[in-house]
Student: 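Before I ask anything, here is the structure I am working with.
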Amino acid sequence: VKHQEKLNLTSVMEFVLLGFSDIPNLQMFLFVIFFFVYVIILMGNGIIVLIVRVDQALQTPMYFFLSNFSFLEICFVSVTLPRMLTNLWTQKRNISLFACATQMSFVLTLGNIECLLLTVMAYDRYVAICNPLHYPLVMNHKVCVQMVVACWITGVPVETGQTYQIFSLPFCGSNQINHFFCDIPPLLKLACGDTFLNEMLVFTVAVLFVTIPFLLILGSYIKIISTILRLPSATGRTKAFSTCSSHITVVVMFFGSAIITYLRPKSKHSSRADKFLSLFYTIVTPMFNPMIYTLRNKDAMMALRKLLP
């Protein structure tokens, strides 16, 4: 019994990412699917970054933010998907404590940046549609660069601190993370002792970086829609709606899954639901982002045609 107690008190030095090990017959199938998804994400978002850089017609704040968003999506996916592909290919799922903490820190930081960048993109649309005369003055290049830099910097100290707090907890039971990357809900399940303070911190950060940006976006779009409905010409209304609908689609997909994941009480967490929701905001949104933004946008489609021989 004493030996067993000693074993239980030994701190965990590495974790095992279970991922999709509950479906052993589909490992190679999943590898092929996720490999092609990763290629599509890299190519689709890479093309957006490229066309915005080379096409003069796309040198506007909206496309400046979009190219930053696409670059962010490439980074976000590259933090989780390559390791998941390696695990599916090799069937070795071990991850060291340091690698797990690093992955979590990057996932949370990049997720925060995405929330803030989507808010900035909504503000850009709000100024363009509700105050068109002031738009060139309000959204000049310097302001756009400052906004993007603020988005990239803000999340870093908060999420580094949050990761440090999670990994300061003692992990002395199972070392199996029932997820495909190191995320807060499955890790809190493995922690020993009282995790109430950590859960409250997760909740507070989620309110600050997910709920408040979502409400700001919602407020922007209520104002935008009421302005669009007052536009005299039907063509103007259609054009304004088409530039906004793509952004709304991405916002709903990303924020919907993130809010459910991080604002649910611990008792309501199920590993299967967590994995499904995480797939949505870490893989599905980055994959559909280029299609949603380019296929519904004439300027982007023209730039793409110019780029292709």
Side-chain angles (χ1 to χ4, degrees), residues 11-42 45 72-111 114 159 162-163 166-167 169 171-192 195 198 202 206 253-254 256-262 264 266-289:
S11 10
V12 171
M13 292 313 290
E14 68 169 13
F15 291 106
V16 176
L17 285 167
L18 294 178
F20 300 98
S21 56
D22 52 335
I23 36 175
N25 303 336
L26 295 175
Q27 298 296 293
M28 272 305 113
F29 174 73
L30 287 172
F31 174 83
V32 171
I33 294 288
F34 286 124
F35 177 76
F36 280 111
V37 164
Y38 190 41
V39 171
I40 289 165
I41 291 168
L42 293 181
N45 287 289
L72 174 66
E73 294 287 48
I74 291 169
C75 298
F76 195 37
V77 168
S78 298
V79 173
T80 54
L81 252 177
R83 181 171 277 276
M84 187 166 93
L85 289 169
T86 309
N87 293 353
L88 284 167
W89 182 260
T90 61
Q91 292 298 299
K92 287 175 186 166
R93 300 186 173 89
N94 297 28
I95 183 167
S96 71
L97 205 72
F98 179 73
C100 192
T102 306
Q103 188 186 51
M104 182 194 274
S105 183
F106 273 104
V107 167
L108 296 176
T109 303
L110 294 168
E114 188 154 337
E159 290 308 347
Q162 189 166 27
T163 304
I166 298 280
F167 280 87
L169 287 166
F171 296 100
C172 51
S174 166
N175 69 338
Q176 298 191 331
I177 301 172
N178 196 353
H179 213 310
F180 57 89
F181 68 92
C182 293
D183 200 9
I184 296 175
L187 263 161
L188 281 178
K189 282 182 182 175
L190 304 183
C192 310
T195 58
N198 299 83
V202 171
M253 281 166 64
F254 181 77
S257 52
I259 285 171
I260 299 166
T261 301
Y262 294 105
R264 274 185 308 164
K266 192 181 173 182
S267 56
K268 294 276 188 285
H269 278 281
S270 97
S271 302
R272 198 167 280 242
D274 280 346
K275 276 190 254 188
F276 177 74
L277 288 163
S278 299
L279 275 175
F280 237 85
Y281 68 83
T282 57
I283 294 167
V284 177
T285 309
M287 184 173 76
F288 283 108
N289 171 46

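Model, not experiment: these values are computed from the prediction.
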Student: Looking at CG of Asn178 and CG of Leu190, how far apart are the two atoms once the value is rounded to the nearest 0.5 Å?
Tutor: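 One gets 9.0 Å once the value is rounded to the nearest 0.5 Å.
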
Student: Going from CZ on Phe167 to SG on Cys100, what distance comes out if it is rounded to the nearest 0.5 angstrom?
Tutor: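 Going from CZ on Phe167 over to SG on Cys100, the span is 4.0 Å.
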
Student: Take Leu97 and Phe15 through the test side-chain contact (heavy atoms from CB on, under 4.5 Å) and record every step on the way to the result.
Tutor: CA-CA 7 Å; Leu97 205 72; Phe15 291 106; 3.2 Å; yes

Student: Mind checking the CD-CG spacing from Gln162 to Leu108? Nearest 0.5 Å is all I need.
Tutor: 6.0 Å

Student: Between Phe180 and Leu279, does the side-chain contact (heavy atoms from CB on, under 4.5 Å) criterion hold? Intermediate values first, please.
Tutor: CA-CA 9 Å; Phe180 57 89; Leu279 275 175; 3.9 Å; yes

Student: Give every donor-acceptor pair under 3.5 Å between a side-chain atom in residues 281-289 and any protein atom, sequence neighbours left out.
Tutor:
residue, atom, partner, partner atom, Å
Tyr281, OH, Asp183, OD2, 3.2
Tyr281, OH, Tyr262, OH, 2.9
Thr282, OG1, Ser278, O, 2.5
Thr285, OG1, Phe280, O, 3.0
Asn289, ND2, Asn45, OD1, 2.8

Student: For residues 19-39, dump all side-chain donor-acceptor pairs below 3.5 Å to protein atoms at least two apart in sequence or in another chain.
Tutor:
residue, atom, partner, partner atom, Å
Ser21, OG, Leu18, O, 2.9
Gln27, OE1, Gln91, NE2, 3.1
Gln27, OE1, Arg93, NH2, 3.0
Gln27, NE2, Phe20, O, 2.8
Gln27, NE2, Ile23, O, 3.1
Tyr38, OH, Ser78, OG, 2.9

Student: Does Thr102 use its side chain to pair, donor to acceptor, with the backbone of Phe98 at less than 3.5 Å?
Tutor: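 The answer is yes, because a donor-acceptor pair under 3.5 Å joins these two groups.
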
Student: Rounded at 0.5 Å granularity, tell me how far CD in Glu14 sits from CG in Asn94.
Tutor: 4.0 Å

Student: Can you tell me how far CD1 of Ile166 sits from CD1 of Ile184, rounded to the nearest 0.5 angstrom?
Tutor: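 The distance works out to 4.5 Å.
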
Student: So how far is it from Leu277 CG to Thr261 OG1, rounded to the nearest 0.5 Å?
Tutor: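 It comes to 4.0 Å.
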
Student: Taking all non-hydrogen atoms of both residues into account, name the closest pair between Asp274 and His179 and its distance.
Tutor: O-NE2, 3.9 Å

Student: Report, one line per pair, each donor and acceptor closer than 3.5 Å where one atom sits in a side chain of residues 80-89; sequence neighbours left out.
Tutor:
residue, atom, partner, partner atom, Å
Thr80, OG1, Val77, O, 3.4
Thr86, OG1, Pro82, O, 2.7

Student: Less than 4.5 Å apart, any side-chain heavy atom of Cys182 and any of Ile177?
Tutor: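 Yes, close enough: below the 4.5 Å cut-off.
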
Student: Is there a donor-acceptor pair closer than 3.5 Å between any side-chain N or O of Glu159 and the backbone N or O of Phe106?
Tutor: no

Student: When you measure from the side chain of Thr195 to the backbone N and O of Asn198, does any donor-acceptor pair fall under 3.5 Å?
Tutor: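 A pair under 3.5 Å: no.
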
